[in-house]
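Here the structure is laid out as structure tokens; the discussion comes afterwards.
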Amino acid sequence: MTLKGSGAMFQERSTQVRCKLEKILKETIKDLFGVEIIPEVGHPPSDELGDYSTNAAFLLSEKLKKKPEDIALKLAKNLQGDIVQLATTISGFVNIKIKKGAWIEELKGSIHPDYGKMDWGEGEKVLLEFVSANPTGPLHVASARAATFGDSLSRILESQGFNVSREYYFNDSGSQVELLGKSIELKIKELNGERVDYPPNTYRGDYITELAKKAMNKKIKDYVDFGVKEILKMQKSTLDRFRVNFDEWISESELKKNGMADKIIKDLHELKPSVLVKKEGALWFTAGDRERVFIRSDNSYTYVVPDIAYHRYKFNRGYDVLIDLLGPDHIDHIPELKESLELLGYPVGNLEVKIIQWITLKRGKETIKMSKRSGEFITIDELIKEVGVDAARFFFLLRKSSVPMDFDLELAKEQSERNPVYYIQYGHARISSLLDLAKYKGYSVNLPENLDLLSKEEELKLIRKIPEFKEALEDSAKMREPHILAYYLLDLSKLYHNFYQSHRIIGGEEELILPRLFLSNSVRNVVARGLSLLGVSAPERM
RNA sequence: GCGCCUGUAGCUCAAUUGGAUAGAGCAUCGGACUUCUAAUCCGAGGGUUGGGGGUUCGAAUCCUCCCAGGCGUACCA
């Protein structure tokens, strides 16, 4: 795996405080015990115990053949440095309290418009493929989850210095699009007054009627080509409204036309003839106890072959990391995809496949069964109309990708004001309005001299939480999980609301006005930055 | 049958990928605005992490066996 930024390179760490602490720990351990380890730094379960904690003593106890408690005690006693205020131990854990001054230093950069931007991605080229729906109809809500996830993840990775390209692969050949063409053709006949019988698999729905009318006006002959182009245009504009953009749109039929699929079979055959077996008129790919058809008896390719070709094309364009966001219906093809690429000599370890689980759509207790062919499905456009882009996107982002989720439309509609996204946005609007008033009264919201006057519990909590933005971003990027950032923003907002409610800012203690305004400005900036990375708006007023 | 995913408070979900006393929101109950946005805040109750066994300093997390649900298991994509 090419997970940059993990491991011993402290300079890549997010915050100065964390970076320094890890260095101090490593050096102290080396001095005391003569051992070099990479201590894990985390947070204690409660703020009162300290800002950071480490399990170094447990890691050392086996090597040193000593009790963790004793090691921890010795480590804590000798832990010094310009940022460490106090180190204590509880049953083998070392808890470290950081000096307030170090946090304040950390805080100073937090009103920068690019706050949180880091470069540990080192320009690594990442190709993120997602949505990749069939061009046979409007995008439905299952794609909305993947769209949100992929788009937000791209933004997050870019903020950490990765060079991300977003790709949409569409299947414009084969039986599905043939059916689309057929559906349009039949609809035209019907519009012309002919009696038609629709075969069971043809597509219905209003969009077919619209396409048929348009095709009639333009006197179109090639319904498949026309239909695919029109539907891609539709999907693109839907995604645009959902604030999701792609850099490249890759056509399956183009790959085939260029001979890329043929070359896969040819190369596999040359490299390892035994994996391709002719049986019952078809060509099978065999590996272990799995067998899957690659070429049907009518000489056409199954889905996997052009997909392998596509992935080879990805590698050949020089990407370091390939991330696929797939629906659970694609799980079965992953082994063939990876094995083929491996045989062809590509570093499959750099291919990360993430499954974005389905959503079950509900209205109250009733489950909505979705079927494209019947035309009964909820589209992203309908979702935007009913729930709104911000609420819908945030709803998806609150869940990690591997878990199937229920999406209750009724709840989302009814309680849209209670959707946590409004909690965060409200905080942002609240601060915006506060800062407006401050400016009107002539107060500066920039860096004041006396930040260290901030000493109330609610203030200190914010001072420590704001720099954690960098850690949340870093974790989000490494784990490929945007929900980590979403949860961070919720936590930060909660702390701010709490602070705001407990202390009066303008009109409060005179010497605290400027520091508190700065603190508020920081939160506003971090929230705005965070929301924009999630593709959610940060309103000034609500 | 086989493969993958899931099971955490009444509900919807977290838990820094093996860390400490498992946390939020919603719902319930009780409180807080003459003052910067009450779409807010504070407090209370709520748990054998589906169940058993194992691995170790330490398990919601890893292994194993059951139970329950979802998806896949096509010469569809």
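Each chain gets a letter, A, B and so on, in the order its sequence line appears, and its residues count up from 1.
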Under-4.0 Å side-chain N/O to phosphate OP1/OP2 contact, [X] with [N]:
{"X": "A/Arg296", "N": "B/rA74", "answer": "no"}
{"X": "A/Lys478", "N": "B/rU16", "answer": "no"}
{"X": "A/Tyr426", "N": "B/rA39", "answer": "yes"}

Ignoring the backbone of [X], work out which of [options] is nearest its side chain.
{"X": "A/His483", "options": "B/rA15, B/rU37, B/rC71", "answer": "B/rA15"}
{"X": "A/Met542", "options": "B/rA39, B/rC13, B/rC75", "answer": "B/rA39"}
{"X": "A/Ser402", "options": "B/rC41, B/rU6, B/rA38", "answer": "B/rU6"}
{"X": "A/Asp332", "options": "B/rU40, B/rC13, B/rG72", "answer": "B/rG72"}
{"X": "A/Thr302", "options": "B/rC75, B/rA38, B/rA14", "answer": "B/rC75"}
{"X": "A/Tyr487", "options": "B/rC13, B/rA38, B/rC76", "answer": "B/rC13"}
{"X": "A/Gln501", "options": "B/rA14, B/rC75, B/rC41", "answer": "B/rC41"}
{"X": "A/Val403", "options": "B/rC41, B/rC36, B/rU6", "answer": "B/rU6"}
{"X": "A/Ser297", "options": "B/rC42, B/rC75, B/rC5", "answer": "B/rC75"}
{"X": "A/Gln176", "options": "B/rA38, B/rU35, B/rC76", "answer": "B/rC76"}

May I ask you to verify whether the side chain of [X] and the base of [N] hold a donor-acceptor pair under 3.5 Å?
{"X": "A/Ser433", "N": "B/rC36", "value": "no"}
{"X": "A/Asn55", "N": "B/rG19", "value": "yes"}
{"X": "A/Ser46", "N": "B/rA20", "value": "no"}

When both hydrogen-bonding distances must be under 3.5 Å and the geometry is Watson-Crick or G-U wobble, what is B/rG1 paired with, if anything? B/rU73
What is the nucleic acid contact for A/Asp491, judged by heavy atoms within less than 4.0 Å: base, sugar-phosphate only, or nothing? nothing
Is the ring centre of A/Phe58 under 5.5 Å from the base ring centre of B/rC57, and are the two planes under 30° apart, so that they stack? yes
Check for me: is A/Phe93 stacked on B/rA20 by the 5.5 Å centroid and 30° plane-angle rule? yes
Cation-pi check, [X] onto [Y] ring (under 6.0 Å, within 45° of axis):
{"X": "A/Lys478", "Y": "A/Trp120", "result": "yes"}
{"X": "A/Arg399", "Y": "A/Phe395", "result": "yes"}
{"X": "A/Lys314", "Y": "A/Tyr310", "result": "yes"}

Atom NZ of A/Lys279 with >12 non-hydrogen neighbours under 6.0 angstrom: yes
When the nearest nucleotide of RNA chain B is assigned to A/Tyr303 and to A/Lys494 on a heavy-atom basis, which residue is associated with the more 5' position? A/Lys494
A/Ser502 vs A/Arg541, nearer the 5' end of RNA chain B by closest nucleotide: A/Arg541
When the ring planes of A/Tyr496 and A/Tyr500 are compared, do they come out parallel, tilted or perpendicular, using 30° and 60° as the limits? tilted
